[in-house]
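Remarks on the structure that follows.
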Amino acid sequence: MERAEDAGVYKLTDDLAIIQTIDFFTPIVDDPYSFGQIAAANALSDVYAMGGKPLTAMNIVCFPVKTMDISILKKIMAGGVDKVHEAGVILVGGHSIEDPELKYGFSITGTIHPTKVVLNIGAKVGDRLILTKPLGTGIISTALKDKMVDEGTVTRAIKSMVTLNAKASELMQEVGVHACTDVTGFGFLGHASEMIERTDVGMLIRSAAVPFFPETKMLAEKGFLPGGLHRNREFRLNMVEIAKEVPDYLADILFDPQTSGGLLISVSEPKAPLLLKRMHQEGIKEAAIIGEIVAQPRGKIIVS
Ligand code: CO
Ligand code: CO
């Protein structure tokens, strides 16, 4: 708990540990079925980030039953169940309460061999950093609330958010990596900070290599920035140094809170091209090498 790991790990025997995690939130898209899918993919992601295999899920539902039609909840839950089934996970229960604000999510339990756990720390000097999904879902859902984003952009963002990090996780375990986390609420640079905070390594990010949804440039420039984005930046002010040449919109995108974002993986230099190639072969098309681990300045991220 001292370190912000993606999930809790409990060793049962010498060759079996359980991974437990929970995530729920308010709707970020209009379509209830998609929201359910996103909530499930997002909750499962913390198990994948640790290299584990999710097994069971439990629903968490907060629903305004007096003001909202129950058919909406049915669609949300259908999306959630379909997504956990796609992950090979069984829904074993859950809990629902009445709440003026709709919230939905899951508690997930998975398993892993205790020696195979991939932590968010452990990156080594010379490692390459791979990011597996484009950034910008927070900016897009903020613009969506004001109906200022086109259908195609929303569809693409939803497609990314409902995509499980299962394959990326499987491939990183197959190749062998040093560290991994998933990019969610603290934004890319927030989660990257967690990987090197209070360690003896630093990080170099090449902003031009970071994948993001192209429309988020214009949306960020128009000011559709979620409140969390500013908080994320404030919080990491003393750890992150962004070069003057990096455009403002890109700096914003790097702090944008993500829902069901990609994995951020630290892998040795010799293995990095292989892992990237395997990801591209398996349809994780936007995966890219976006930086590396350096000796100095330790505990800091330099964004060029
Ligand atoms: Co996480
Ligand atoms: Co989480």
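Counting starts at 1 for both ligands and their atoms, following the listed order.
For Asp6, the N, O or S atom with the smallest separation from the Co ion (ligand 1) is OD1. Residue-level check: among N/O/S atoms of Asp46, OD1 sits closest to the Co ion (ligand 1). Looking at Asp182, its N, O or S atom nearest to the Co ion (ligand 1) turns out to be OD1.
Ion pair Arg206/Glu292 flagged as a salt bridge, since at least one NZ, NE, NH1 or NH2 atom sits closer than 4.0 Å to an Asp/Glu carboxylate oxygen.
The aromatic rings of Phe25 and Phe35 stand perpendicular to each other, their planes meeting at an angle above 60°, with 30° marking the opposite boundary.
Cation-pi geometry between Lys217 and Tyr249 is met: the NZ or CZ atom falls under 6.0 Å from the ring centre, inside 45° of the normal.
Looking at Asp182, its side chain never comes within 3.5 Å of a backbone N or O of Ala49 through a donor-acceptor pair.
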